[in-house]
Chemist: 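Dumping the structure here so I can ask a few things about it.
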Amino acid sequence: MKIAICLRRVPDTTAKIAIGPSGTSIDETGVKFVPNPYDEYALEAGIALRDAAGTGETVVVAFGGDAVQETMRTALAMGVDRAVHLQGTPSADGLANARVLADHLRDGGYDLILFGKVAVDDYGQQTGAMVAELLGRPCATAITSLVIEGGTAKVTREVEGGVESAHCALPAVFTCDKGLNTPRLPGLKGIMAAKKKPLDIIPTTAGASRVTILSLALPPERQAGRIVGEGAAAVPALMAALTTEAKVL
Amino acid sequence: MADILCVIEQRGGAVRKGANELLTAARQLADQLGGRVDALVCGAGPVSGLDGLGAAGADRVLTATHDGLAQYAPEAIVATVQSIAGQYAAVLVAATATGKDLAPRLAAAIGAPCGMDVTAVHAENGAVRVVRPVYAGKAIQTLEFSGTAVVAVRPGAYPAVVSGKAGAVESIAVPAFTARLTVTGIAAPDKATLDVAEARVVIAGGRGLGEPQHFGLLEELAAAFGGEAAVGASRAVVDVGWIEHGAQVGQTGKTVSPELYIAVGVSGAIQHLAGMRSARTIVAINRDKDAPIFKVADYGIVGDLFEVVPALTAAVKAAKGQ
Ligand SMILES: Cc1cc2nc3c(=O)[nH]c(=O)nc-3n(C[C@H](O)[C@H](O)[C@H](O)COP(=O)(O)OP(=O)(O)OC[C@H]3O[C@@H](n4cnc5c(N)ncnc54)[C@H](O)[C@@H]3O)c2cc1C
Ligand SMILES: Nc1ncnc2c1ncn2[C@@H]1O[C@H](COP(=O)(O)O)[C@@H](O)[C@H]1O
């Protein structure tokens, strides 16, 4: 089984976000970058499937600037076999990025291409399904379970009001959600081994963009509300506010 | 190219709730562009609820029927939209689990950019612009698209506006498609509860509840709202198994924008706020007057939840005439 995992480098989820001078991107000063948390589920799934099969290869692929190499080393340290750095500047247009990834992955002979369900920077929530569509492969997004038997994959995903089950033939594309597995932490041995694993660099350019980021701003501060009172005695005041001011009752 | 296409979600032959909100967004956008709104409903047979689509803002309701559409069948919907997409300035879907699965497929198929989870969409000089939270709601992005765009509108972002108007119903063909993914069904959770992402009112409980069975207090409060309220939770209590993961609100859980969010015994950690700060009205009940949740709450009660919640439940019941 040959498995590709697409990886994105994102700010740590606890990072404080400040807007950069351009007004369209964040100020990266002092921000710690990590592998996208949802990509860790994809990495874990890929590594576990390869290990269960006892044969095959896992490849981590990232499109971005040189800093993604460090992020991919974390994936290699977890146990991925090799890395491909599609070196270039990602576009604001998710479809342009998906085309870059799809072009690279198309002839790679992958049985499985795994993504995170969402990158926690731009919240695009689109790359995996776009790549699948561009490649004409079956796809399920935000999967919380994955079982492969023969050439068939069975998955589940959470939808409003229940859990949806689906199946498809391989080769296939999935995007991974929390709940799929518990990602392993890279051990010292893995970290040492990662330094020697192959990392190929392929200069890449994204195609035309049809998206312009006009602005990035901090969310409006919510009007600091008011304490209507203390204890159960405050309930009538709350009810009055909800009925006459907020009009939500 | 001023017309808007709304792809309406149906399940089991009935239009899903949220369609009317989506049509409000579409109606506003179409009015700005001087175009009309078409609502596309793909199903395996007759779908109930089509009348409501006209009243909610659709000028035309397009039905596309195919046996392969008994369950969610992304390739069939993509093929259908692809056959008509050229006429539209934007294709709108609701940013539900299904809508978020569908939107990027549609975008890739028609070569359009895709904006997910948008909280506002409007036209400026003929171009479609969207506003959307990024960085887990820690920042807000405004994007402009050139050409046809696929836009997934976050549930709760627009109100449903219903008029007396009816839309004309026309049927269109589902073109040939290859079903690559087979959806076999949706298993309902053990308890038939409303999903926090869809409820008009969310009552969220945190570690302050002290014990898992105290979620019962919140269920009683939710019940007082008469089927409009869902019980949510902080991650702290989901991680220890007091309530199922589907109830988690926040950065690694669900993002909700209900009309009313009542946080009970929740401190208001930044990761929790990421999932609920866009609620219309926030109420916090916490015994610590310095809890961060009070900084985002419109109304707060400082006090013991075991005293306040039952009193609130009784008051809501009385207000609802129960
Ligand atoms: C990467 C990452 C992702 C995360 N994602 C999420 C997420 O998606 N969602 C989320 O919620 N958290 C998330 N967290 C966890 C978050 O940081 C907090 O730990 C968590 O939200 C705290 O839950 P809590 O408010 O229930 O508990 P606590 O912080 O312990 O707060 C309990 C509150 O209850 C009050 N209280 C106690 N007893 C009573 C009483 N009798 N009456 C009234 N009030 C009472 C206390 O004053 C206190 O304010 C994440 C953390 C990390 C690091
Ligand atoms: N530049 C990139 N390089 C490689 N993979 C990416 C890149 N951007 C996004 N992805 C993958 O696509 C997923 C979803 O990203 P997004 O569509 O931006 O939310 C991520 O979790 C990654 O798996």
Side-chain angles (χ1 to χ4, degrees), chain A residues 13 17 19 26 93-95 98 120-126 129-130 133-134 137-142 157-168 178-179 210-219 222 224-232 234-236 238-239 241-243 246 248-249, chain B residues 96-98 100-101 104-105 107-109 113-114 116-117 133-147 180-189 195 197-198 245-246 251-252 259-260 277 280-281 283 289 294-304 307-308 311-312 315 319:
Chain A
T13 55
I17 295 299
I19 309 300
I26 62 162
D93 186 342
L95 183 55
V120 301
D121 50 1
D122 68 0
Y123 272 70
Q125 307 168 82
Q126 52 192 268
M130 284 177 164
E133 189 66 36
L134 294 169
R137 303 220 182 138
C139 171
T141 58
R157 57 192 304 267
E158 277 182 25
V159 298
E160 289 76 12
V163 175
E164 189 171 75
S165 306
H167 60 82
C168 65
K178 181 175 185 252
R210 283 175 48 188
V211 180
T212 309
I213 302 177
L214 296 177
S215 71
L216 185 72
L218 296 180
R222 273 194 89 95
R226 60 173 208 269
I227 303 284
V228 295
E230 287 187 23
V235 166
L238 174 63
M239 291 298 289
L242 293 178
T243 312
V248 287
L249 282 183
Chain B
T96 57
T98 305
K100 287 196 210 181
D101 182 275
R105 299 177 191 254
C114 179
M116 292 287 252
D117 255 332
V134 291
Y135 296 96
K138 289 188 257 184
I140 307 288
Q141 183 186 59
T142 305
L143 301 178
E144 182 171 287
F145 301 122
S146 66
R180 295 186 287 253
L181 182 78
T182 309
V183 172
T184 46
I186 297 173
D195 195 285
E198 292 193 311
H245 173 247
Q251 182 169 306
T252 43
E259 282 178 35
L260 177 61
R277 66 183 321 147
R280 182 105 42 91
T281 300
V283 171
K289 70 170 181 11
F294 286 125
K295 294 211 175 65
V296 300
D298 300 286
Y299 308 111
I301 293 183
V302 179
D304 183 3
E307 227 186 86
V308 178
L312 182 57

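Every value quoted in this text rests on a predicted model; they were computed, and no experiment measured them.
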Chemist: A side-chain contact here means heavy atoms from C-beta on lying under 4.5 Å apart; do A/Leu95 and B/Pro113 qualify?
Modeler: no
Chemist: Return the option, out of B/Ala311, B/Ala197, B/Ala187, with the maximum number of heavy-atom pairs under 4.5 Å with chain A.
Modeler: B/Ala187
Chemist: For the residue pair A/Met130 and B/Arg105, establish whether any side-chain heavy-atom pair is separated by less than 4.5 Å.
Modeler: no
Chemist: Between A/Ala140 and chain B, with a heavy-atom cut-off of 4.5 Å, which part of the residue counts as in contact: side chain, backbone, both or neither?
Modeler: both
Chemist: When only pairs under 4.5 Å are counted, which of A/Ile19, A/Asp122, A/Leu218, A/Thr243 shares the most heavy-atom pairs with chain B?
Modeler: A/Asp122
Chemist: Any side-chain heavy atom of A/Thr212 within less than 4.5 Å of one from B/Phe145?
Modeler: no
Chemist: Under a 4.5 Å heavy-atom cutoff, which of B/Ala319, B/Ala139, B/Gly303 has the most pairs with chain A?
Modeler: B/Ala139
Chemist: For B/Thr281 and B/Asp298, which I'm curious about, is there any donor-acceptor pair between the side chains at under 3.5 Å?
Modeler: no
Chemist: Using a cut-off of under 4.5 Å on heavy-atom pairs, state which of A/Pro236, A/Ala166, A/Gly94 scores highest against chain B.
Modeler: A/Ala166
Chemist: Which region of A/Arg157, side chain (C-beta onward) or backbone (N, CA, C, O), has a non-hydrogen atom less than 4.5 Å from a non-hydrogen atom of chain B, or is it both or neither?
Modeler: side chain
Chemist: As an exercise: rank B/Thr96, B/Leu260, B/Thr98 by heavy-atom pairs under 4.5 Å with chain A and give me the winner.
Modeler: B/Thr96
Chemist: Go through it in stages, so that I can follow the logic: the residues are B/Cys114 and B/Met116, the test is side chain to side chain contact (heavy atoms under 4.5 Å, CB included), and I'd like the CA-CA distance, side-chain angles, deciding distance and then a yes or no.
Modeler: CA-CA 6 Å; B/Cys114 179; B/Met116 292 287 252; 3.9 Å; yes
Chemist: Under 4.5 Å between any side-chain heavy atoms of A/Glu230 and B/Ile301, yes or no?
Modeler: no
Chemist: What residue, out of A/Leu242, A/Val248, A/Asp93, has the most heavy-atom pairs lying under 4.5 Å from chain B?
Modeler: A/Val248
Chemist: Where does B/Asp304 contact chain A at under 4.5 Å (heavy atoms): side chain, backbone, both or neither?
Modeler: neither
Chemist: Please state whether the side chain, the backbone, both or neither of A/Ala142 comes within less than 4.5 Å of a heavy atom of chain B.
Modeler: neither
Chemist: Determine, stepwise, if the pair B/Ile186 / A/Val159 fulfils side chain to side chain contact (heavy atoms under 4.5 Å, CB included).
Modeler: CA-CA 8 Å; B/Ile186 297 173; A/Val159 298; 3.9 Å; yes
Chemist: Below 4.0 angstrom, N of the basic side chain to O of the carboxylate: do B/Lys100 and B/Asp117 qualify?
Modeler: yes
Chemist: Output the option from A/Ala98, A/Pro219, A/Gly179 having the highest count of non-hydrogen pairs under 4.5 Å with chain B.
Modeler: A/Pro219
Chemist: Against chain B, label A/Asp121 side chain, backbone, both or neither, depending on which of its atoms sit under 4.5 Å from a heavy atom there.
Modeler: both
Chemist: What are the two closest heavy atoms between B/Glu307 and A/Ala232, and how far apart are they?
Modeler: OE1-N, 3.4 Å
Chemist: Can you confirm whether A/Thr141 sits close enough to A/Cys139 that some side-chain heavy atom of one is under 4.5 Å from a side-chain heavy atom of the other?
Modeler: yes
Chemist: Counting heavy-atom pairs under 4.5 Å with chain B, which one of A/Cys168, A/Ala234, A/Ala129, A/Gly231 comes out on top?
Modeler: A/Gly231
Chemist: Considering only heavy atoms and a distance below 4.5 Å, find which of B/Arg277, B/Gln251, B/Lys295, B/Glu259 pairs most often with chain A.
Modeler: B/Gln251
Chemist: Looking at B/Ile140, B/Val134, B/Val308, B/Val283, which has the largest count of heavy-atom pairs under 4.5 Å with chain A?
Modeler: B/Ile140
Chemist: Examine whether an atom of A/Val120 lies under 4.5 Å from a heavy atom of chain B, and if so say whether it belongs to the side chain, the backbone or both; otherwise answer neither.
Modeler: backbone
Chemist: Counting only non-hydrogen atoms closer than 4.5 Å, does A/Leu216 touch chain B with its backbone (N, CA, C, O), its side chain (CB onward), both, or neither?
Modeler: both
Chemist: Say you draw a straight line from CD1 of A/Ile17 to OH of B/Tyr135; how long is it, rounded to the nearest 0.5 Å?
Modeler: 6.0 Å
Chemist: Which bit of B/Ala297 is near chain A, if near means a heavy-atom gap under 4.5 Å: side chain, backbone, both or neither?
Modeler: backbone
Chemist: Measure distances from A/Ile213 to the heavy atoms of chain B and classify the residue's part below 4.5 Å as side chain, backbone, both or neither.
Modeler: both
Chemist: Quick one: pull up NZ in B/Lys289 and CZ in B/Phe294 and give me the separation to the nearest 0.5 Å.
Modeler: 10.0 Å
Chemist: Of the listed residues (A/Glu158, A/Met239, A/Gln126, A/His167), which shares the most heavy-atom pairs with chain B below a 4.5 Å separation?
Modeler: A/His167
Chemist: For chain A, which candidate among B/Gln141, B/His245, B/Glu144 shows the most heavy-atom pairs at distances under 4.5 Å?
Modeler: B/Glu144
Chemist: Pick one of side chain, backbone, both or neither for B/Lys138, based on which atoms fall under 4.5 Å of a heavy atom in chain A.
Modeler: both
